[in-house]
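Remarks on the structure that follows.
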Amino acid sequence: MNTARVNLLGFDRNGLRGYFAQIGEKPFRADQVMKWIYHQRITDFTLMTDLGRGLRDKLLEVAEVTPPTALLDQHSSDGTRKWLLGTDSRNAIEAVYIPEPTRGTLCVSSQVGCGLNCSFCSTAAQGFNRNLDASEIIGQVWVAARALGNVPHQQRRITNVVMMGMGEPLLNFDNVVRAMDVMRDDLGFGLASKRVTLSTAGLVPMIDRLGEVSDVSLAVSLHAPNDELRTELVPLNRKYPITELLDACARYAARKPRSSITFEYTMMDGVNDHPEHARQLIKLMRRLPGKVNLIPFNPFPGTRYARSRPEVIAAFQSILMQAGVMAMVRRTRGEDIDAACGQLKGQVLDRTRRAAEFRKRIEEGVTHAA
């Protein structure tokens, strides 16, 4: 790839118009190019036939449309599809498509690895390398759309996008917001704001900032109903405890009355699935009404956690529902290709010591067991 060329996938509509102005072209030409890229999935400027020959030649010299490279395309027995996407010569990320009768959801990554260290997440065990740029984020949607035959406003296979893949989206704020703008732009993928969801472990200041610039749906990785347990599972809780997190969610909801907030709660056997935990969660939900998404834990090699039993999850849900808390159990999808929630890991050239430490713990565990 010629690094001197600008990857047009990195721009939202205003950014692309600004770039076209810099190269001496009218803003409406940027709109035409966006339609070719996202509606027709064309990356070759010579095929953009409503552009003048001079503009096409100019774009060939200064620009490119380069999505991540699909290194692997896996199909689950339940219809789930996962792509391993190369972002550079040493790193790769994962994106997952989950088809359902009434919708199709694409789970997108925001970082190579994750800068946080949630103890129950496979991505966290891989360590962290870098943030993805906007072209690599929206490029995941582009690759999936091409593979699925998705056509915005016509044959829409991708109806929802969730920023729930590898990484913490709010630690890559500008690139994630720019990519979500393209997802929602009529010249991009044309998704309604409520159909784009950002999931965060709870960076309070960035939730407030998100409320100022975007109106996407918000999902919060709660996973525990009290600070002591949540700090064990989600170390970020030391800095932003539950009370501060819920206050930020309340401010977000007040700014965005049409948006929704979902609280994600991964069910782990004997850890956070007792009736008392459900009753504590009810008290939290009385402060800020929201939907609770109960997620059966998805195991991965080396984890110390196990999935709560189905009857325990059902009982937990029943306690919440009887108290008037809307609670749904997420059906596990894509387990046979490691595409379920919490299992994404990609290929990460770890810049931290976390991956090596995790491997050491596994080896010590195996040795001890022997």
Side-chain angles (χ1 to χ4, degrees), residues 114 116-126 164 168 199-202 219-238 240-243 245-246 262-287 290-336 338-345 354 357-370:
C114 186
L116 304 182
N117 192 20
C118 298
S119 62
F120 56 92
C121 181
S122 177
T123 303
Q126 303 301 303
M164 295 182 183
E168 164 54 60
S199 176
T200 178
V220 176
S221 297
L222 190 60
H223 307 304
N226 61 70
D227 282 323
E228 181 180 2
L229 179 56
R230 188 167 193 267
T231 297
E232 177 185 334
L233 299 175
V234 184
L236 183 66
N237 194 72
R238 292 190 186 94
Y240 304 115
I242 291 175
T243 295
L245 175 57
L246 292 184
T262 300
F263 294 92
E264 299 166 317
Y265 195 100
T266 298
M267 301 290 294
M268 289 168 273
D269 184 39
V271 176
N272 63 350
D273 60 355
H274 299 301
E276 178 58 26
H277 293 132
R279 288 188 285 269
Q280 292 174 6
L281 186 55
I282 289 167
K283 292 180 181 179
L284 295 182
M285 292 301 100
R286 285 175 180 160
R287 290 189 51 198
K291 178 175 62 178
V292 177
N293 201 352
L294 301 175
I295 307 169
F297 174 72
N298 295 303
F300 55 91
T303 183
R304 66 178 185 269
Y305 299 109
R307 179 182 298 176
S308 299
R309 299 187 306 278
E311 62 271 20
V312 172
I313 297 175
F316 195 96
Q317 180 189 28
S318 179
I319 294 172
L320 297 179
M321 296 287 283
Q322 289 175 14
V325 177
M326 182 182 296
M328 299 181 298
V329 178
R330 181 183 295 177
R331 185 160 65 96
T332 299
R333 302 287 298 274
E335 276 190 291
D336 55 337
D338 291 336
C341 183
Q343 290 185 316
L344 302 192
K345 56 185 181 181
R354 196 183 312 145
E357 291 170 353
F358 186 75
R359 287 193 298 270
K360 182 179 178 181
R361 288 202 306 272
I362 294 176
E363 292 168 359
E364 289 175 346
V366 170
T367 301
H368 179 71

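Note that the structure is predicted; figures quoted are calculated from it, not measured.
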If you define the side chain from C-beta out and look only at heavy atoms, does anything of [X] sit under 4.5 Å from [Y]?
{"X": "His277", "Y": "Asn226", "value": "yes"}
{"X": "Phe263", "Y": "Leu245", "value": "no"}
{"X": "Ser119", "Y": "Tyr305", "value": "yes"}
{"X": "Asn237", "Y": "Asp227", "value": "yes"}
{"X": "Val292", "Y": "Glu264", "value": "no"}
{"X": "Val271", "Y": "Leu233", "value": "yes"}
{"X": "Leu281", "Y": "Phe316", "value": "yes"}
{"X": "Met285", "Y": "Met326", "value": "no"}

Hey, does the side chain of Glu168 reach the backbone of Ala201 with a donor-acceptor pair shorter than 3.5 angstrom?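 A pair under 3.5 Å: yes.
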
Look only at the side chain of Ser318 and the backbone of Ala314, and say whether a donor-acceptor pair between them is shorter than 3.5 Å.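 The answer is no, because no donor-acceptor pair under 3.5 Å joins these two groups.
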
Heavy atoms only: give me the nearest [X]-[Y] pair and the separation to one decimal.
{"X": "Leu229", "Y": "Pro225", "value": "CD2-CD, 4.3 Å"}
{"X": "Ala323", "Y": "Ile282", "value": "CB-CD1, 3.4 Å"}
{"X": "Cys114", "Y": "Thr123", "value": "CB-CG2, 4.0 Å"}
{"X": "Leu294", "Y": "Ala327", "value": "CD1-CB, 4.5 Å"}
{"X": "Ile242", "Y": "Ala224", "value": "CD1-O, 3.8 Å"}

Is the number of heavy atoms from other residues, nucleotides or ligands under 6.0 Å of Arg331 CZ greater than 12?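 Counting other residues, nucleotides and ligands, CZ of Arg331 stays at 12 neighbours or fewer.
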
Can you tell me if CD on Glu311 sees more than 12 non-hydrogen neighbours from other groups inside 6.0 Å?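 Yes, enclosed.
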
Kindly compute the distance separating [atom1] ([X]) from [atom2] ([Y]), expressed to the nearest 0.5 Å.
{"X": "Thr266", "Y": "Asp273", "atom1": "OG1", "atom2": "CG", "value": "12.0 Å"}
{"X": "Phe120", "Y": "Ile295", "atom1": "CZ", "atom2": "CD1", "value": "8.5 Å"}
{"X": "Arg304", "Y": "Met268", "atom1": "CZ", "atom2": "CE", "value": "9.5 Å"}
{"X": "His223", "Y": "Met267", "atom1": "NE2", "atom2": "CE", "value": "12.0 Å"}
{"X": "Leu116", "Y": "Ser221", "atom1": "CG", "atom2": "OG", "value": "9.5 Å"}
{"X": "Cys118", "Y": "Arg230", "atom1": "SG", "atom2": "CZ", "value": "8.0 Å"}

Among Asn272, Asn293, Leu320, exactly one meets side chain to side chain contact (heavy atoms under 4.5 Å, CB included) together with Tyr265. Which residue is that?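 With Tyr265 as partner, Asn272, Asn293, Leu320 yield a single side chain to side chain contact (heavy atoms under 4.5 Å, CB included), made by Asn272.
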
Is the shortest side-chain N to carboxylate O distance from Asp269 to Arg307 below 4.0 Å?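 The answer is no: the pair does not qualify as a salt bridge.
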
Apply side-chain contact (heavy atoms from CB on, under 4.5 Å) to Arg287 and Thr243, showing your working. CA-CA 10 Å; Arg287 290 189 51 198; Thr243 295; 3.8 Å; yes

